[in-house]
Each structure stands twice: as C-alpha cells, then as structure tokens.
Amino acid sequence: QVQLVESGGGLVQAGGSLRLSCATSGFTFSRYAVGWFRQTPGKERAFVASTTWTGSRVSYSDSVKGRFTIARDNAKSTAYLEMNSLKPEDTAVYYCAADNRGFGSTSPGTYEYWGQGTQVTVSS
C-alpha cells in the first residue's frame, strides 16, 4: 500500500520557519522524483519545488526561490521542505507527490502518488 504522509505544518508568524516532512512507504522511493505543491481554496494546485530521484537537480517556483529548500533522504524514504522567511501568501495546504519518471516535473498532472496534505498558516 502506497503512503505519503506529510507533517510539520502549523501556524507561524511572518518571517518564521517551518520544516515539512513527507514520509513514504509502499514504493521504491529512491526511484521517484519528489515534488511539493500547495493549494489555497478556489485555486489550482501550484508547484513549489521538486527534486530528481537522485537529488542531483532541484527546481523551485519563483515565489519561493531563495527561501525554501527541498531535500530527500533515500535511506529514510522521506522528503523535506525547509521553509524560511515565510510570508502570509505562503499560507496553503502543502502536498508532497512522487513521480516515477524521476525528473522532477513542475506539473502536478505528472505525479503518480500524493499525500493528504498539511496546512501551513502564516500570520502577518
């Protein structure tokens, strides 16, 4: 049974930091690219960051570049999203996803497996 479980979300003041984790099981994590996406009510799921299956290449949306860092630990089958200098506009439900094509697409439609999401709320 495939599972992706996000954790680490919560309420934080603007300028603060959070570290999201995505613990996975049921598939060969080290052969999958990982992406982080976020969604607010009434809007489509938006790309945040991705990493290839080796972690050798990462991508970020312009809105988070320089503030967020994606990482993965293949030995633990876990991905991370370190979020610094948080802004109120970062408030959203954050999802991790896995793509067996391995190249870290920015399109949510290319991802095969998804977690249930974790809420991040940044107060001003």
Side-chain angles (χ1 to χ4, degrees):
Q1 181 183 1
V2 171
Q3 285 192 314
L4 292 82
V5 181
E6 300 96 337
S7 61
L11 173 64
V12 64
Q13 288 189 331
S17 299
L18 284 173
R19 187 195 196 204
L20 305 184
S21 298
C22 174
T24 75
S25 61
F27 63 101
T28 307
F29 177 78
S30 60
R31 293 296 185 181
Y32 281 68
V34 172
W36 285 94
F37 295 81
R38 64 189 182 185
Q39 190 170 24
T40 54
K43 294 191 175 181
E44 293 186 354
R45 203 162 289 188
F47 171 75
V48 175
S50 67
T51 177
T52 55
W53 61 276
T54 63
S56 61
R57 184 165 60 90
V58 296
S59 299
Y60 298 97
S61 69
D62 288 343
S63 61
V64 307
K65 199 172 295 182
R67 300 186 298 122
F68 290 13
T69 302
I70 187 171
R72 64 187 298 156
D73 185 337
N74 286 346
K76 295 182 178 180
S77 298
T78 301
Y80 305 95
L81 185 69
E82 184 75 34
M83 306 186 296
N84 298 313
S85 302
L86 282 162
K87 304 175 182 180
E89 51 263 44
D90 295 318
T91 295
V93 177
Y94 283 72
Y95 299 89
C96 67
D99 169 19
N100 64 2
R101 276 167 284 195
F103 55 81
S105 169
T106 63
S107 172
T110 64
Y111 286 79
E112 183 179 356
Y113 301 133
W114 289 85
Q116 83 291 347
T118 186
Q119 176 71 47
V120 171
T121 303
V122 184
S123 64
S124 58

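Values in this document were obtained by computation on a predicted structure and should not be read as measured data. If you read the sequence from its start, that first residue is 1, and numbering goes on from there.
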Ignoring hydrogens, what is the shortest heavy-atom contact between [X] and [Y]? Give both atom names and the distance.
{"X": "P88", "Y": "A14", "value": "CD-CB, 4.1 Å"}
{"X": "V93", "Y": "G117", "value": "CG1-CA, 3.8 Å"}
{"X": "T78", "Y": "A23", "value": "OG1-CA, 3.9 Å"}
{"X": "N84", "Y": "S17", "value": "OD1-OG, 2.8 Å"}
{"X": "Q119", "Y": "T91", "value": "NE2-CG2, 4.0 Å"}
{"X": "A92", "Y": "R38", "value": "CB-CB, 3.7 Å"}

Look up atom [atom1] in [X] and atom [atom2] in [Y], then write down how far apart they are to the nearest 0.5 Å.
{"X": "C96", "Y": "Q116", "atom1": "SG", "atom2": "CD", "result": "7.5 Å"}
{"X": "T28", "Y": "R31", "atom1": "OG1", "atom2": "CZ", "result": "8.5 Å"}
{"X": "L81", "Y": "T51", "atom1": "CG", "atom2": "OG1", "result": "11.5 Å"}
{"X": "R72", "Y": "T52", "atom1": "CZ", "atom2": "OG1", "result": "7.0 Å"}
{"X": "T121", "Y": "L86", "atom1": "OG1", "atom2": "CG", "result": "10.5 Å"}

Examine distances only and state if a side-chain atom of [X] and a backbone atom of [Y] form a donor-acceptor pair shorter than 3.5 Å.
{"X": "S56", "Y": "T54", "value": "no"}
{"X": "E6", "Y": "L20", "value": "no"}
{"X": "T24", "Y": "S77", "value": "yes"}
{"X": "R45", "Y": "G109", "value": "no"}
{"X": "R57", "Y": "F103", "value": "yes"}

Here's a test for you: under side-chain contact (heavy atoms from CB on, under 4.5 Å), which of W53, Y111, Y80, F29 qualifies with V34?
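Looking at W53, Y111, Y80, F29, the match for V34 under the side-chain contact (heavy atoms from CB on, under 4.5 Å) is F29.
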* Look at the rings of Y113 and F27 and say which category their plane angle falls in: under 30° parallel, 30 to 60° tilted, over 60° perpendicular. =>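 Because their plane-to-plane angle lies in the 30° to 60° range, the rings of Y113 and F27 count as tilted.
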Could you check D62 against K65 for salt bridge (charged side-chain N to carboxylate O under 4.0 Å, His left out), going step by step and ending with a plain yes or no?
-> CA-CA 5 Å; D62 288 343; K65 199 172 295 182; 3.4 Å; yes
Query - Result of checking Y95, Y94, W114 against F37 for ring-ring contact (aromatic ring centres under 6.0 Å, His included) - result: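 Result: among Y95, Y94, W114, W114 is the only option passing the ring-ring contact (aromatic ring centres under 6.0 Å, His included) with F37.
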request  = For N74 and Y32, run side-chain contact (heavy atoms from CB on, under 4.5 Å): C-alpha distance rounded to whole Å, both residues' side-chain angles, the deciding distance at 0.1 Å, then the answer.
outcome  = CA-CA 10 Å; N74 286 346; Y32 281 68; over 6 Å; no
Quick one: does L18's side chain get under 4.5 Å of F68's, heavy atoms only?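 Heavy-atom side-chain distance check fails, nothing below 4.5 Å.
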- Query: side-chain contact (heavy atoms from CB on, under 4.5 Å) between D90 and M83: does it pass, once the steps are laid out?
  - Reply: CA-CA 9 Å; D90 295 318; M83 306 186 296; over 6 Å; no
Exercise for the section: Would you kindly confirm whether V120 and F47 end up in one hydrophobic cluster when ILVMFWY residues are joined by side chain heavy atoms under 4.5 Å apart? Expected result: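 Each belongs to a different hydrophobic cluster.
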Do you see a donor-acceptor pair shorter than 3.5 Å between the side chains of S107 and S105?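 The answer is no; no qualifying pair exists.
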